[in-house]
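Just so we're on the same page: letters track the sequence lines, and every chain starts at 1.
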Number of protein chains: 2
Amino acid sequence: MVDMALSPLHQDFIWHFGEMGSRWGMNRTVGQIYALLFLSEEPLNAETITADLGISRSNTSMGLKELQAWNLVRMRHVQGDRRDYFTTPDDLWEIVRTLVAERRKREVDPTLTKLRELEMAGPQGDAYAEARIAELREMIEMMTQFHDEMNRLETERLVQLMTMGRKLGGLLDKGPRLNPFRRAAK
Amino acid sequence: MVDMALSPLHQDFIWHFGEMGSRWGMNRTVGQIYALLFLSEEPLNAETITADLGISRSNTSMGLKELQAWNLVRMRHVQGDRRDYFTTPDDLWEIVRTLVAERRKREVDPTLTKLRELEMAGPQGDAYAEARIAELREMIEMMTQFHDEMNRLETERLVQLMTMGRKLGGLLDKGPRLNPFRRAAK
DNA sequence: CATGAATTTCAGAAATTACTGAAATGGTCG
DNA sequence: CGACCATTTCAGTAATTTCTGAAATTCATG
């Protein structure tokens, strides 16, 4: 099937993911490669990807390398074929978990490390800035811990939890309020 | 206070946020401006920011404009001074809410729109791709609805919820399991 | 252990994004 | 109204990132 053009559906989806790729800390081609694999039932090899997207073979190679660094694609092998084949996981929840974990690793963890490092240096004479840094570190710690806990939940439970939505707030102890102000009306 | 150099603490923090800025969909200067404002107890004007960061006045103007588009900084005025002054909100939770909301707007909502649009076009003959798109749309819908619900909670409740961490899973009905497998040991 | 197909690496080219200085605009005050 | 200060806009330049083609590497196979 040489020169088989992509369907309009594929075109449109892949193009969109290309644009989004840049906003998600990858680049256009990486987004496109991902999109192509996402829509494909069978694993694809690098040559096919290169042809479908009309990019250079080396660009495909780098893109796949990056997607593997993100743990977003898997390499597989096909019986009697020397080439590497690639797929995305079937389970969307797994994909989301990976994406969140990787973004945290790149976008949050380094800051947590840096903030701790700054605090280790001890007071430098700017009480406000130091308090602000401490407060930020505490908040990030709380959120990452929460993320760790949620990550431990099986998918089924996580879905239950998310589906509960509004009811979650109601579960909480409504004892003495720490904050005396009511939430402002929207 | 002309040519007052930034303290090493400020330097380090600001430099780090500059690097992170690029990973968070802003650019280096935008991250630096934000960091500078974040650590400053008093509002700062554009001239001060320009001098502290050693960038051009026009770059400062553009950076502030972008931060305002993100709703991450506020403009204020100081008695008897014609210049605009800028601050970040004191409440870190408010900051996080804003950040999440803005990233969703830029990184998730457009994809939801696109997926719906693709589905509207009706079946195109690739059942697998169409199913994949529908499944993705459903997942994104579930997550954005959940986000909407969480956003409705007052901060105090949200903190309570996050602090509960592990216990949350236990709250759920443990009725008939849909998934017959136990979670694999770490 | 030589061959050749598949993949990766990498230096330079192309494309994109960020930044600057100069000019234009806006808005306050006498 | 007009002078002056603050801010924004924007065209050109600088810096960065992405992409390519050619060369190097890897590795299964005869």
Side-chain angles (χ1 to χ4, degrees), chain A residues 2 14-15 17-37 43-70 72-87 106-107, chain B residues 2 14-15 17-37 43-70 72-87 106-107:
Chain A
V2 171
I14 289 170
W15 184 258
F17 267 65
E19 288 187 344
M20 283 298 144
S22 350
R23 303 195 191 178
W24 279 75
M26 307 153 180
N27 62 40
R28 188 157 37 88
T29 19
V30 170
Q32 291 179 338
I33 293 173
Y34 187 80
L36 182 63
L37 293 173
L44 303 178
N45 61 48
E47 206 47 63
T48 307
I49 296 169
T50 300
D52 284 354
L53 299 181
I55 58 180
S56 73
R57 181 63 185 75
S58 52
N59 198 7
T60 302
S61 178
M62 288 169 133
L64 286 168
K65 198 172 130 200
E66 182 159 3
L67 283 169
Q68 284 174 288
W70 277 77
L72 285 171
V73 306
R74 298 200 175 135
M75 206 196 300
R76 301 182 47 186
H77 283 103
V78 169
Q79 191 53 261
D81 191 332
R82 268 161 77 176
R83 294 169 295 180
D84 298 336
Y85 281 76
F86 301 87
T87 41
R106 290 168 172 72
E107 302 173 1
Chain B
V2 172
I14 289 169
W15 184 257
F17 267 65
E19 289 188 344
M20 283 298 145
S22 350
R23 302 195 192 181
W24 280 73
M26 305 154 182
N27 62 40
R28 189 158 35 88
T29 7
V30 170
Q32 291 180 339
I33 293 172
Y34 186 79
L36 182 64
L37 293 174
L44 302 178
N45 62 48
E47 206 48 64
T48 307
I49 296 169
T50 300
D52 284 354
L53 298 182
I55 60 181
S56 72
R57 180 64 185 74
S58 51
N59 199 8
T60 302
S61 177
M62 288 169 132
L64 285 169
K65 198 172 130 199
E66 182 160 2
L67 283 169
Q68 285 174 288
W70 276 78
L72 286 170
V73 305
R74 298 198 175 138
M75 206 197 300
R76 301 182 47 185
H77 283 104
V78 169
Q79 191 53 262
D81 191 331
R82 268 163 74 177
R83 293 169 296 180
D84 299 336
Y85 281 76
F86 301 87
T87 40
R106 289 168 171 72
E107 301 173 2

When all nucleic acid strands are considered with a 4.0 Å heavy-atom cut-off, which category describes B:Asn45: base, sugar-phosphate, or nothing? nothing

Smallest separation among heavy atoms of [X] and [Y], with atom names:
X	Y	answer
A:Ala35	A:Phe17	CB-CB, 3.5 Å
B:Phe86	B:Leu37	O-CD2, 3.4 Å
A:Met20	B:Glu107	SD-O, 4.0 Å
A:Gly25	A:Trp70	O-CZ2, 4.0 Å

Pair assignment for DNA chain D - dot-bracket with | for other-strand partners, Watson-Crick or G-U under 3.5 Å: ||||||||||||||||||||||||||||||

Considering residues, nucleotides and ligands other than A:Arg76, do more than 12 of their heavy atoms fall under 6.0 Å from its CZ? no

What integer distance in Å separates [X]:[atom1] from [N]:[atom2]?
X	N	atom1	atom2	answer
A:Arg23	C:dT16	CZ	P	16 Å
B:Arg28	D:dT16	CZ	P	6 Å
A:Asn59	C:dT7	CG	P	15 Å
B:Glu66	C:dT17	CD	P	12 Å
B:Asp81	D:dT7	CG	P	8 Å
B:Leu53	C:dA18	CG	C1'	15 Å
A:Leu64	C:dA6	CG	C1'	13 Å
B:Ile49	C:dT20	CD1	P	14 Å

Choose from D:dG21, C:dT20, C:dC19 the nucleotide whose nearest atom is closest to any side-chain atom of A:Ser56. D:dG21

Quick check for you: among D:dT20, D:dT18, C:dT20, whose closest atom lies nearest to any side-chain atom of B:Ile55? C:dT20

Is the shortest heavy-atom distance from the side chain of [X] to the side chain of [Y] under 4.5 Å?
X	Y	result
A:Ser61	A:Lys65	no
B:Leu72	B:Met26	yes
B:Leu64	B:Ile49	yes
B:Gln32	B:Trp15	yes

Residue closer to the 5' end of DNA chain D, B:Phe86 versus A:Val30 (nearest nucleotide): B:Phe86

OP1 or OP2 of D:dT26 less than 4.0 angstrom from a side-chain nitrogen or oxygen of A:Arg82, does that happen here? no

Would you say A:Asn27 reaches D:dC19's phosphate, i.e. side-chain N/O to OP1/OP2 under 4.0 Å? yes

In B:Thr48, B:Leu36, B:Thr60, the residue satisfying side-chain contact (heavy atoms from CB on, under 4.5 Å) with B:Leu53 is B:Leu36

Which residue lies toward the 5' end of DNA chain C, A:Ser22 or A:Glu47, if each is placed at its nearest nucleotide? A:Glu47

Got a list of protein N/O to nucleotides 9-14 of chain D N/O distances below 3.5 Å?
from: D:dT9; atom 1: OP2; to: B:Lys65; atom 2: NZ; distance (Å): 3.1

